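A short write-up of the structure that comes next.
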Amino acid sequence: GIRSNMSIKEQRESLPVYQKRDELLRLVQQNDFLIVVGETGSGKTTQITQYLAEEGYSSKGVIACTQPRRVAATSVAKRVAQEVGCKVGEEVGYTIRFEDCTSNKTIIKYMTDGMLQREALVDPDLMKYSVIMLDEAHERTIATDVLFALLREAVIRRKGGLKLIVTSATLDSQKFSRYFENCPVFHIEGRTFPVKIFYTKEPELDYIQSSIETVIDVHTNNPPGDILVFLTGKEEIDTCCETLVEKMSLLRAEKPHVSELIVLPIYSSLPSEMQSRIFEPTPSGKRKVVLATNIAETSVTIDGIYYVIDPGYVKVNAYDPKLGMDSLIVQPISRAQADQRSGRAGRTGPGICYRLYTKNAYLNEMPANTVPEIQRQNLSYTILMLKAMGIDDVLGFNFMDRPKEQLILTALEELYILDALDENGVLTEFGKRMAFFPMEPLLSKTLIQSIEFKCSDEVITVIAMLSVPDIFYRPKEKRDEADRIKAKFHDYNGDHLTLLNVYNKWSDADNPRLWCQNNFIHEKSMRRAREVRRQLLKIFDNLDKRERQAESSVISCRGNWDLIRKAFVSGFFKNSAKRAATHDPDEGSYRTLVENTPVHIHPSSSLFRKHGVDYVIYHTLVLTNKEYMHCITKIDPKWLLMYAPRFFKTADSSQLSTKKKT
Ligand code: ADP
Ligand code: MG
């Protein structure tokens with residue numbers, strides 16, 4: 001890239017926000033609330049915090065900047081540390097769930113919005129901070145939406161001691177301004193070039209296939225410039241990367257004049273060394289293609305992109321209150337997202353965006369804006385937090401966009417059946433303990449119940465393993481061998497115990513690295529699981545201290561693994577399914593107990609095609625071409641009655657047979 005030859009100082013001063021530095025600081029000084037709108041790449045995230053520190057705000061408290069995504073928080077912190085000239089964790093640090101890389105030296109702190117929300121639970125006035133920047137506010141994550149309301153009150157209470165800056169890449173700013181006491185809106189004009197947009201004539205049947213074809217077409221026929229492709233998730237990106245590398249090597253064997261194509265993935269769970277590779281300048285004579293999730297829409301800026309390929313889809317976590325479950329679904333993006341995506345091609349020079357959908361779909365089928373998460377996701381974690389903050393009237397909470405009442409009621413009901421709330425909606429002692437854990441209520445309930453079942457040591461391990469997305473490694477050319485080796489870890493009672501097996505064997509290995517290699521397991525993921533386990537142990541320790549427990553509540557079941565399954569049933573009973581009477585492959589081999597929805601056992605499960613598995617609980621439901629249960633464990637239906645009495649109200653097991661379809 002052109003800019004890679006500049007010194008850091010020159011780079012910083014070449015960003016659009018630099019021209020506005022003094023005006024911006026004046027506005028911050030004069031106002032408690034400020035909205036900042038600017039193009040992606042104008043320097044909002046990396047520069048504004050530094051300006052504030054240079055101006056002396058850091059002497060009054062830490063300067064925080066929130067990000068909706070973990071990757072953005074860590075990668076930006078690294079970049080800013082580099083600009084400041086320190087190590088990450090010194091003057092510049094970051095905090096994400098289960099990972100705190102800050103110290104008492106830290107004056108600029110990047111963090112996920114979820115972590116700041118947790119801090120607000122402990123200290124509603126956020127006394128540690130002098131300025132908080134809620135970045136990427138247009139993403140409208142639940143945590144950011146909740147922070148809107150909490151910070152609004154905190155700023156007012158602290159009477160000038162705390163400043164709030166809300167930044168957004170889109171022009172929804174008037175609404176933000178109205179909500180924050182009609183505060184000023186500050187615009188940073190970006191440096192953008194025109195982007196030529198192409199649509200497909202017909203809707204694409206297979207957007208992955210056509211993405212790959214378009215990449216190769218651009219690479220072989222277009223002038224230099226890097227390519228950015230938007231896909232929906234990790235699996236898709238990994239497969240696409242493999243296919244591209246394969247196709248390119250075939251192509252270059254046939255046509256040696258075709259230049260090298262560097263294929264790079266970027267998604268949230270990618271290890272950070274891999275992530276930073278996307279920022280390295282492309283060597284001359286080569287071309288880079290980055291396959292990204294919607295993280296590259298606005299939160300991570302990659303320089304040198306001239307071509308964007310946009311299939312028009314995004315994966316979102318959506319909650320269907322009627323079905324009573326959460327699932328990851330792939331859905332069309334909004335027009336605002338489509339515009340953000342094409343904009344990525346015009347940062348370094350005039351660019352081209354290939355939209356793999358029709359112009360008609362863009363104009364008439366896509367919604368104008370993305371629905372805020374708070375209006376589509378399960379709110380039980382959020383509501384538990386609000387209740388734990390003493391906010392009882394959640395229906396009357398001052399949200400910028402109020403979620404539908406039904407969503408709130410569903411969450412209240414879920415918290416009730418988990419024993420976190422009583423009949424009057426008041427937080428119980430049990431609920432207070434649940435709120436102590438920075439995780440979904442189903443998980444925190446399981447963790448707390450594991451103390452009762454005397455298997456918390458093992459449950460902590462399983463939950464740590466569940467929190468890392470990617471344990472098993474399946475290279476394309478050795479798929480069968482990898483599957484055979486994986487099967488050695490399978491526990492006949494299911495995937496939770498299989499994960500425990502893997503963790504235990506890994507901990508016992510003399511040479512963990514070699515062990516991982518031989519067993520097709522990602523070593524990074526294992527180390528991350530161990531780190532999450534450590535963090536969970538710390539939370540248990542804090543809980544013990546708070547409750548003045550003399551003995552540790554971390555207890556091993558010493559091989560009595562049924563207890564582990566029981567602990568999971570007491571948290572995940574809602575995610576239960578029963579084998580269907582008929583085995584119509586299209587109908588699903590299981591039915592959920594709650595809504596009688598047809599579901600399937602995912603082929604990666606250790607229970608796939610196993611006999612005698614009549615009742616199961618699952619960790620997540622993923623909707624692809626079928627509704628798949630992921631991470632599944634066999635259970636005894638009696639446990640549902642015993643450990644979820646508020647849900648399966650009567651001890652009548654007829655309730656456990658699924659309803660007849662009418
Ligand atoms: P904005 O928040 O307005 O979108 P940023 O402050 O994130 O802009 O980015 C400004 C510039 O800093 C980008 O154009 C990019 O060149 C550079 N940059 C940001 N993050 C990194 C990184 N992790 N590595 C290298 N350069 C980066
Ligand atoms: Mg930014």
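Both ligands and their constituent atoms are indexed starting at 1 by order of listing. What you see below is based on every heavy atom in this structure, not just the backbone, and it leaves out hydrogens, waters and symmetry mates. Bear in mind that the values here come from a model prediction, so they are computed numbers and not experimental data.
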**Prompt:** Looking just at side-chain N and O atoms, do Tyr199 and Arg355 make a donor-acceptor pair shorter than 3.5 Å?
**Reply:**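 There is such a pair between these side chains.
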Does the side chain of Gln331 come within less than 4.5 Å of Lys315's, by heavy atoms?
->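 The answer is no, as the side chains (C-beta and beyond) never meet within the 4.5 Å cut-off.
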Is it the side chain (CB and beyond), the backbone, both or neither of [X] that lies under 4.0 Å from ligand 1, heavy atoms counted?
X: Arg347; result: side chain
X: Lys44; result: both
X: Asp303; result: side chain

Please determine whether any non-hydrogen atom of [X] lies less than 4.0 Å from an atom of ligand 1.
X: Gln82; result: no
X: Val76; result: no
X: Gln11; result: no
X: Gly38; result: no

Answer yes or no for Thr40: is there an N/O/S atom below the 2.8 Å cut-off from the Mg ion (ligand 2)?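 Checking the Mg ion (ligand 2) against Thr40, no N, O or S atom falls under 2.8 Å.
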>> If the test is side chain to side chain donor-acceptor pair (under 3.5 Å), which one of Thr74, Thr49, Asp135 qualifies with Tyr110?
In response: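 It is Thr49; the other options fail the test.
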So is there a nitrogen or oxygen of [X] less than 3.5 Å from a nitrogen or oxygen in ligand 1?
X: Gln47; answer: no
X: Asp135; answer: no
X: Gly41; answer: yes
X: Glu83; answer: no
X: Thr298; answer: no

Report, in ascending order of atom number, the atoms of ligand 1 lying under 4.0 Å from any heavy atom of [X].
X: Glu39; result: 3 (O)
X: Thr40; result: 4 (O)
X: Ser75; result: 23 (N)

- [ ] Have a look at Ser14, Ser299, Gly43, Ala169 and point out the one with the heavy atom closest to atom 8 (O) of ligand 1.
- [x]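 Heavy atom nearest to atom 8 (O) of ligand 1 belongs to Gly43.
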Ionic contact status for [Y] with [X], cut-off 4.0 Å:
X: Glu83; Y: Arg79; value: yes
X: Arg344; Y: Glu297; value: no
X: Arg534; Y: Glu531; value: yes

Decide whether a cation-pi geometry holds between [X] and [Y]; the criteria are a distance under 6.0 Å from NZ or CZ to the six-membered ring centre and an angle within 45° of the ring axis.
X: Lys359; Y: Tyr362; answer: no
X: Lys20; Y: Phe186; answer: yes
X: Arg152; Y: Tyr179; answer: yes

### Qualifying residue, where the test is salt bridge (Lys or Arg N to Asp or Glu O under 4.0 Å) with Glu260 and the options are Lys286, Arg287, Lys288
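For Glu260, the salt bridge (Lys or Arg N to Asp or Glu O under 4.0 Å) check succeeds only for Lys286.
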Checking side chain to side chain donor-acceptor pair (under 3.5 Å) for the pair Tyr94/Glu99: CA distance, chi angles, key distance, verdict?
CA-CA 8 Å; Tyr94 66 84; Glu99 201 175 327; 2.7 Å; yes
